[in-house]
Enquirer: 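Pasting a structure here, questions to come.
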Amino acid sequence: MMGMGGGFMDMFSMMNDLMGGMEQITNSSNCQTFSSSTVISYSNMAGAGAPNVYQETSQTRTAPGGIRETRRTMRDSDSGMEQMSIGHHIGERSHIMQRSHNRRTGDREERQEFINLDENDAADFDDEWQRGTSRYRNQRGLAYRRRGGPEEQLAIQGPEDSTIRPSRRYDW
């Protein structure tokens, strides 16, 4: 053994160097990144009925040119709330679409948020974002879709989109 510091301190130093290098790479204007985070909480008290499940997911994809896509979802079986948002960002400009559904009350809400962008310019911004991501579509990048799958499927379907009984499962 090399004592308390020896080998382990060298390993931690190497990990810090690696993480610093990764940070420099992701801040580069020529880099694509994907980041995902999921939190799931499950509780079930004996005899209390159905279990309570809370699930939250966040994903960020980036491409050169300041292009970024953010996706966030939340599902809470206790309150019945389901929320999702998808944001398209180019530099400091953003178009974020949000949808929520309360399964207990049936209330639905859809919102759009424009950051450093006029609502009248939304279609042009979306076209610019699509053009900026088009070269990355054949990779598992910003517009990844499975072959043979639907062109686009929303995480929370609108009432007009729903043709089957909603699932009671809490996986996405």
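All values below come from the heavy atoms of this structure, side chains included, with hydrogens, waters and symmetry mates left out.
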Enquirer: Does any part of the side chain of Met74, heavy atoms only, come nearer than 4.5 Å to the side chain of Gln55, both counted from C-beta?
Expert: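 Gln55 does not reach Met74 side chain to side chain.
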Enquirer: Which pair of heavy atoms, one from Ala63 and one from Gln32, lies closest together, and at what distance?
Expert: CA-CG, 4.3 Å
Enquirer: Can you hop from Ile67 to Leu117 via hydrophobic side chains spaced under 4.5 Å?
Expert: yes
Enquirer: On a heavy-atom basis, which atom in Gln83 and which in Ser100 lie closest, and how many Å separate them?
Expert: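 Gln83 and Ser100 have their closest heavy atoms at CG-CB, 3.8 Å.
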Enquirer: For the atom pair CZ (Arg61) and CD (Glu69), what is the distance rounded to the nearest 0.5 Å?
Expert: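 One gets 6.0 Å once the value is rounded to the nearest 0.5 Å.
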Enquirer: Taking all non-hydrogen atoms of both residues, which atom of Ser77 and which atom of Asn52 are closest, and how far apart?
Expert: OG-CA, 3.3 Å
Enquirer: For the CG atom of Asp127 and the CG atom of Asp121, what is their distance to the nearest 0.5 Å?
Expert: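 Answer for the CG-CG pair, Asp127 versus Asp121, is 11.5 Å.
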Enquirer: Does Gln112, at its CD atom, have more than 12 non-hydrogen atoms belonging to other residues, nucleotides or ligands within less than 6.0 Å?
Expert: yes
Enquirer: Measure the spacing between OG of Ser94 and CZ of Arg68 and express it to the nearest 0.5 Å.
Expert: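 Going from the OG atom of Ser94 to the CZ atom of Arg68 covers 6.0 Å.
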Enquirer: Is there a path from Met84 to Met97 through hydrophobic residues (I, L, V, M, F, W, Y) whose side chains come within less than 4.5 Å of each other?
Expert: yes
Enquirer: Do the side chains of Thr57 and Arg72 get nearer than 4.5 Å, heavy atoms only?
Expert: no
Enquirer: Report the distance from atom CD of Glu109 to atom CZ of Arg111, rounding to the nearest 0.5 Å.
Expert: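 Answer rounded to 0.5 Å: 6.0 Å.
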Enquirer: Do Glu82 and Arg103 meet the salt-bridge criterion of a basic N to acidic O distance under 4.0 Å?
Expert: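 Yes, charged N to carboxylate O under 4.0 Å.
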Enquirer: Between the main-chain N or O of Asp107 and the side-chain N or O of Thr105, is there a donor-acceptor pair closer than 3.5 Å?
Expert: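 Here the side-chain-to-backbone pair exists.
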Enquirer: With a 6.0 Å cut-off (strictly less than), is the heavy-atom count around CD of Glu119, excluding the residue itself, greater than 12?
Expert: no
Enquirer: Is it the case that the side chains of Thr70 and His89 hold a donor-acceptor pair, with the cut-off being a distance below 3.5 Å and no angle test?
Expert: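 There is such a pair (donor and acceptor under 3.5 Å, judged by atom type) between the side chains of His89 and Thr70.
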Enquirer: Using a strict threshold of under 4.0 Å (side-chain N to carboxylate O), is an ion pair present between Arg93 and Glu128?
Expert: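 So Glu128 pairs with Arg93 through a salt bridge.
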Enquirer: Any side-chain heavy atom of Ile90 within less than 4.5 Å of one from Phe125?
Expert: yes
Enquirer: May I ask you to test the Ile96-Ile86 pair for a side-chain heavy-atom distance under 4.5 Å?
Expert: no
Enquirer: For Thr62 and Thr33, which I'm curious about, is there any donor-acceptor pair between the side chains at under 3.5 Å?
Expert: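 Per modelled atom types, Thr62 and Thr33 side chains form a pair under 3.5 Å.
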Enquirer: Is a salt bridge present between Arg108 and Glu110, judged by a nitrogen-to-oxygen distance below 4.0 Å?
Expert: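 No, Arg108 and Glu110 are not salt-bridged.
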Enquirer: Is any side-chain heavy atom of Glu56 closer than 4.5 Å to a side-chain heavy atom of Tyr54?
Expert: yes
Enquirer: Does any N or O in the side chain of Arg104 come within less than 3.5 Å of the main-chain N or O of Asp78, such that one atom is a donor and the other an acceptor?
Expert: yes
Enquirer: Would you compute the distance between atom CZ of Arg75 and atom CD1 of Ile40 and round it to the nearest 0.5 angstrom?
Expert: 11.0 Å
Enquirer: For the pair Asn116 (side chain) and Glu92 (backbone), establish whether a donor and an acceptor sit closer than 3.5 Å, ignoring hydrogens and angles.
Expert: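 Side chain of Asn116 to backbone of Glu92, a donor-acceptor pair under 3.5 Å: yes, one is there.
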